[in-house]
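All of these numbers come straight from a predicted model, not from anything done at the bench. Letters go in sequence order (proteins before strands), and every chain restarts at 1.
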Amino acid sequence: MADPYKPRAPFAPWDRRQLPGLFDVEETARRVGNYKWAEMKLFEALGGWVATVPELDVKMRLGTHCYHHAWHAELWHKRLPELREMNPDRLTQPANDAMVQFVAALTEPEAPELTIEKLVGVYRVFIPHFISAYTFHMNNTSEITDAPTIRTLKLALQDEFEDWRDGEMMLQSLIETPEEVDRAAAHQAKLEKLILAAGGIAGPGSIGGN
Amino acid sequence: MRKFFPVDSLARDSRFNQITMKQSQADPRSALIATEEKRPKTNRLQPSRADASDAARSLMHGIFVGEIQALEGAGRTCHDFETGTEAPFALKLDMARQAWDEARHVEISVKLSEWMGTEIGQYAENTVLFEAACSTDPVLRLAGVNRALEGLAIDVFTTMKEFGDIAGDPFLEFCEDWMLADEVTHVKMGSDWLRRITENDPERRKKALEFQSVVDKIFSFGGTRSDSQESPIGLARRFRELAGFSDDEVEDIADVSLRALEERKAFARQAQAEAVEQFSAS
């Protein structure tokens, strides 16, 4: 065995983590508050839709995914006080009014014939935007000072990727005609325009650029 | 999407047939409708019963559709109430967790139904379970669904677990044991939230407990669940204690269930008499 008293580097040669990051504590808390708000809106919508979809397999997946996003909201809720926000509700806010309009349009479909629209909103628009915002955050925050946020982002991203795949496969199995392709595309375009106006889950700069 | 979803709008595919509680109780295949002379000494679901296979399949299908409605109810509670002003954030998180659990229970019960040789839609769906999840007060929902309905689920799963054990079906016993663990958690969730939210509001607590009592009576399935051997499903006292029911509460449910059994027997006699009268007239 090697001499236990021999000095070793504090960071092993394979540990390439860097100290600098794009976000200070205040900006991190703002983004986390936006994430929590968005995850809450998503789990509430998924839960509400369970009773409205006739397809049994979709009904069960929505119930399962509902919990995933509730859990993400809980993780963000717990992170806020660690970011000096002792009243988590204060920062549990939409990024802007356009984001509120996006969620209103996302949750509008209710009729049992509109499963395609419900799934398109979640799995082709909302969840891809979660994936991009979370990935940008994970890759740009300080790997050392903000390690707890990175851990939550990784846990959430694991669910987001798996849920996206589930949702996309359900959609592909439901879309059977060229007209339904058009329906899905039209609804996706409508929602994409709204979230574009919002700038993403955390507003302009959700994935950098601003 | 609107708040508060009516029971008659529950979305189902073409295999499902929905019926009312009254139609369900008048079903001539029901064990409790047998004539006095033909009635067996016990109706408890046991492998020794001549109709055990069909009764177990029917009960499993009932569990399956009940789990769908429980999933829908938990999901609606996530959606129907504003966080903070109408329902605490943590309560909604619990309901989301319950939605996942119920989704798994649907998966389990549909696989068990297949294992037992049943097809989806082979038996009718009684939507009375979701009706308890339509209250506009989240506390009443918790009392009606988590304490009354999920309490019934504890009794049903205990009976099915015992059935699996006696019948030598480890697959059935294994699955029921897991679902039973979830149900005890759900009932405890309901008990804890009921106490917490109504801590300083005795009137609201009283109203919630009264609602629970009404739902308990309905969910006694007209005597399908009670301490009496005439009921196919027994009252699982030990698991109910684990789930936060006091001794007095368990005794109250036992009384309500026995009364429901007597009412059911009277109803069955009347339904049979009416059927005979209609048949004679035609």
Side-chain angles (χ1 to χ4, degrees), chain A residues 36-37 39-78 80 87-90 92-93 103-115 117-118 121-122 159 163 166 174, chain B residues 1-16 64-65 67-111 120-121 127 129-130 133-134:
Chain A
K36 183 192 159 195
W37 184 88
E39 292 279 16
M40 282 174 64
K41 292 299 162 192
L42 180 50
F43 95 74
E44 290 169 0
L46 290 169
W49 271 331
V50 170
T52 73
V53 293
E55 299 89 350
L56 186 57
D57 58 327
V58 178
K59 198 181 276 289
M60 290 189 286
R61 294 328 290 164
L62 295 187
T64 303
H65 292 183
C66 169
Y67 174 65
H68 293 173
H69 298 286
W71 184 59
H72 302 166
E74 183 180 19
L75 292 174
W76 293 132
H77 179 81
K78 287 177 177 169
L80 281 169
N87 177 10
D89 292 341
R90 196 182 70 83
T92 306
Q93 299 293 338
V103 168
L106 174 96
T107 56
E108 197 180 290
E110 182 189 282
E113 302 81 20
L114 298 178
T115 302
E117 281 75 4
K118 292 165 194 169
V122 174
D159 283 341
D163 292 359
D166 266 355
L174 288 170
Chain B
M1 177 172 35
R2 79 190 109 166
K3 301 276 185 186
F4 306 112
F5 200 68
V7 66
D8 57 10
S9 295
L10 285 177
R12 294 285 182 272
D13 69 37
S14 58
R15 290 169 294 186
F16 291 81
F64 162 62
V65 293
E67 297 294 356
I68 293 176
Q69 290 172 42
L71 160 61
E72 293 169 326
R76 290 308 300 188
T77 303
C78 294
H79 174 265
D80 289 347
F81 303 104
E82 286 301 315
T83 305
T85 51
E86 294 176 335
F89 177 56
L91 183 151
K92 291 177 70 165
L93 294 180
D94 277 350
M95 290 299 106
R97 170 57 199 238
Q98 190 170 325
W100 180 30
D101 295 346
E102 306 296 6
R104 282 199 320 282
H105 293 181
V106 178
E107 292 171 341
I108 294 166
S109 54
V110 80
K111 280 190 181 290
I120 291 173
T127 53
L129 308 182
F130 186 79
C134 291

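Counting heavy-atom pairs closer than 4.5 Å to chain A, the top residue among B:Asp80, B:Thr77, B:Ile120, B:Thr83 is B:Thr83. Between chain A and the options B:Glu102, B:Lys92, B:Arg15, heavy-atom pairs under 4.5 Å are most frequent for B:Lys92. In terms of heavy-atom pairs under 4.5 Å with chain B, the best-connected choice from A:Pro112, A:Cys66, A:Gly47 is A:Gly47.
Nearest heavy atoms, A:Met60 versus B:Leu71: CA-CD2, 4.3 Å. The heavy-atom pair separating B:Cys134 from B:Val7 by the smallest distance is SG-N, 4.4 Å.
Both the backbone and the side chain of A:Glu74 come within contact range of chain B, judged by heavy atoms closer than 4.5 Å. Interface remark: A:Ala104 contributes no atoms to any contact with chain B (heavy atom separation under 4.5 Å). At a 4.5 Å heavy-atom cutoff, A:His65 makes no contact with chain B through either its backbone or its side chain. At a 4.5 Å heavy-atom cutoff, B:Lys3 makes no contact with chain A through either its backbone or its side chain. For B:Arg104, no part lies under 4.5 angstrom from a heavy atom of chain A.
Contact of the B:Glu67 side chain with the B:Ile108 side chain is not registered, since no non-hydrogen atoms from C-beta on lie closer than 4.5 Å.
With sequence neighbours excluded, the residues that form a ring-ring contact (aromatic ring centres under 6.0 Å, His included) with A:His72 are A:His69.
Both the sub-6.0 Å distance and the 45° axial angle are satisfied by A:Lys36 relative to the ring of B:Phe89.
Under a 4.0 Å N-O distance rule, the pair A:Arg61/B:Glu107 qualifies as a salt bridge.
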